[in-house]
Protein chains: 2
Amino acid sequence: MAKEQRKPRRKGEGAGAAPARRASDRGRYGRLSRERMLASALELVDREGLSALSMRRLGAELDVEAMALYRYAASKDALLDGLVEAVHLQLEERLAAGPGSTPGTASVEAPAWRTELHRLARATYETCLAHPQVVPLLSTRMLAVPLARRPLAVLRHHERVLTLLQDAGLDATRSAATFRAFTGWVLGYVSVELQAMVDNPEEPDPSFRLGLHNMPHQELPRLREAATTLAERGGPEGLAAGLDALLDRFTRVEAERAHRPDS
Amino acid sequence: MAKEQRKPRRKGEGAGAAPARRASDRGRYGRLSRERMLASALELVDREGLSALSMRRLGAELDVEAMALYRYAASKDALLDGLVEAVHLQLEERLAAGPGSTPGTASVEAPAWRTELHRLARATYETCLAHPQVVPLLSTRMLAVPLARRPLAVLRHHERVLTLLQDAGLDATRSAATFRAFTGWVLGYVSVELQAMVDNPEEPDPSFRLGLHNMPHQELPRLREAATTLAERGGPEGLAAGLDALLDRFTRVEAERAHRPDS
DNA sequence: AGTTGTATATATACGTCGTAAACGTACAGC
DNA sequence: GCTGTACGTTTACGACGTATATATACAACT
């Protein structure tokens, strides 16, 4: 086929004619990139939720056919992992922007590795609150993707935590246990913090906002009464408090704890 | 239409003829029920994972057209909530089967409410390990479904935890904070416990099983080294240890904790 | 210049999904 | 018998993920 006939449809601006093609759209070369795609995906999910993220929709967002995305993500699952990665990259930025651990400044009661773990936890907390719609992915993908296949930024985060624990002098077993406690606590805390409570957003009265009126009355008296308090957030203080408690316990050097709470 | 002609297609066994209809299939009345549907769904998910659960597939599993399910679940999301409910019902069975809290037997160091919280946590842990594929739903639906709309079994579970905390003498604020800590810890711990680690199941060597050979070497030395230890489980002991630590902290009566770990 | 190779985006198509709407069919009570 | 209602089926539609084949734009080489 001849070359100058270049597809009259799709509002092309030929050599100087009218039909208004988008600026710097000549050709469709190099419009996309993995970064642009992930940024757009994250924005879309932040704006409209995870269920709004489809290949076609994201393509439309970027003025591109859905299939074009497959050049930058092997599958939709890979795209989701990309989102997880993007969030972890933002986490790294936040950590870099923060005050750092300023070694030598450790107060009497808190060694550097401990305050740094708190800094990590808090930065994770804040990053998650900034992208609440993505949080489900953090747990979901963690259960689906084996360690070695996780995005590099995630692995770097693991490495950071692990390094701090080992620098604290913990042996392999204990640092692994503490690692799991740290990871689990932060994830669980954030999930609870972001759990859906509000049922009817435009209702002014707190009880009605929560939709307590259509909860079984007799069967759930305490929950009904506690709901409004439960709907409040624990904030970063709660996160830090729990983390402190867990670190105290899991990094302790004593051998076996002798509590058998069951029976 | 006459009645004895009853649909020759679909392998019917008429009044004594051949084509072999399933036993007690005369008519298709009352084959389904919400219980049957949820049981089958849970079984299917346990067997083949969440992604295998579609209305059509579940219908086929029950020898029914997909649309028939909509009589027992208003939507697929409602079906997922039903799964969450089913798991919580199993949790209640497990609790009922267990030894109960036997009041008056509280040891010197552990009041009844505390050991009962441990029992709840442990039963949750075991139920989750019995249905690992459903665990993602626990976090996911908690983020999607507002409190008042959650399945009754879930709300009953909340009520139980809350009751224990209030019976321990905690005021509204503190019991809410402890409730969140409890919920978050159990959920987070289970998620970490179930996280995907194994990359190549049929590999005998632990390192190769984890797929460590295709992780960036230089950048992640500690993680690489710690991975095999990390792949081990914390078990119920880890769950109990963390829970103890959190309960100690969150139920303490002192006013404000004065730790500012960040800087 | 023209040719060729490769990176990039499109076009088309297939099977599956959730589910709205209309329809049949079996039982319960009259 | 007749009639209403609970139950399951049929059909259809639009959206989804993605395999495959194709068109286009740029770079490099001749």
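All of these numbers come straight from a predicted model, not from anything done at the bench. Every chain is numbered from 1 and lettered A, B, ... according to where its sequence line falls, protein lines coming before strand lines. Atom set for the values below is all heavy atoms of this structure, side chains included, hydrogens, waters and symmetry mates excluded.
Residue-to-nucleotide contacts include no donor-acceptor pair under 3.5 Å from the side chain of B:Arg31 to the base of D:dG8.
Between the P atom of D:dC7 and the CE atom of B:Met37 lies a distance of 14 Å, rounded to the nearest Å. Rounded to an integer number of Å, the gap from CZ of A:Arg57 to P of D:dG17 is 12 Å. Following rounding to the nearest Å, A:Met55 (CE) and D:dG14 (C1') show an atom-to-atom distance of 19 Å. Nucleotide C:dT10 holds its P atom 9 Å from the CG atom of A:Asp63, rounded to whole Å. Nucleotide C:dG24 holds its C1' atom 13 Å from the CD atom of B:Glu65, rounded to whole Å. One atom, CZ of B:Arg56, and another, C1' of D:dT10, lie 12 Å apart when rounded to the nearest Å. Look at CE on B:Met67: it is 13 Å from P on D:dG8, rounded to the nearest Å.
Put simply, A:Ser54 has no side-chain N or O that comes within less than 4.0 Å of OP1 or OP2 on D:dA15.
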Report, one line per pair, each donor and acceptor closer than 3.5 Å where one atom sits in a side chain of residues 204-214 of chain A; sequence neighbours left out.
| residue | atom | partner | partner atom | Å |
| --- | --- | --- | --- | --- |
| A:Asp205 | OD1 | A:Ser207 | N | 2.8 |
| A:Asp205 | OD1 | A:Phe208 | N | 3.2 |
| A:Arg209 | NH1 | A:Pro201 | O | 2.8 |

Enumerate donor-acceptor pairs with a distance under 3.5 Å from any side-chain N or O in residues 42-59 of chain B to protein atoms, sequence neighbours excluded.
| residue | atom | partner | partner atom | Å |
| --- | --- | --- | --- | --- |
| B:Asp46 | OD1 | B:His131 | ND1 | 3.1 |
| B:Asp46 | OD2 | B:His131 | ND1 | 2.6 |
| B:Arg47 | NH1 | B:Glu61 | OE2 | 3.4 |
| B:Arg47 | NH2 | B:Glu61 | OE2 | 2.6 |
| B:Glu48 | OE1 | B:Arg57 | NH2 | 2.8 |
| B:Glu48 | OE2 | B:Arg57 | NH2 | 2.5 |
| B:Ser54 | OG | B:Arg57 | N | 3.1 |
| B:Arg57 | NH1 | B:Glu61 | OE1 | 2.9 |

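Between A:Arg160 and A:Glu92 there is a salt bridge, since a side-chain N of the basic residue sits under 4.0 Å from a carboxylate O of the acidic one. Taking the charged nitrogens against the carboxylate oxygens, B:Glu85 and B:Arg156 have no contact shorter than 4.0 Å, which rules out a salt bridge. Taking 4.0 Å as the cut-off between side-chain N and carboxylate O, B:Asp77 and B:Arg141 count as a salt-bridged pair. The residues B:Asp81 and B:Arg150 are annotated as not salt-bridged, no charged nitrogen and carboxylate oxygen being separated by less than 4.0 angstrom.
A heavy atom closer than 4.0 Å to some atom of DNA chain D occurs in B:Ala68, B:Arg71, B:Tyr72, these being the qualifying members of residues 68-80 of chain B.
In this structure, of D:dT18, C:dA9, C:dT19, it is C:dA9 that holds the atom nearest to the side chain of A:Leu32.
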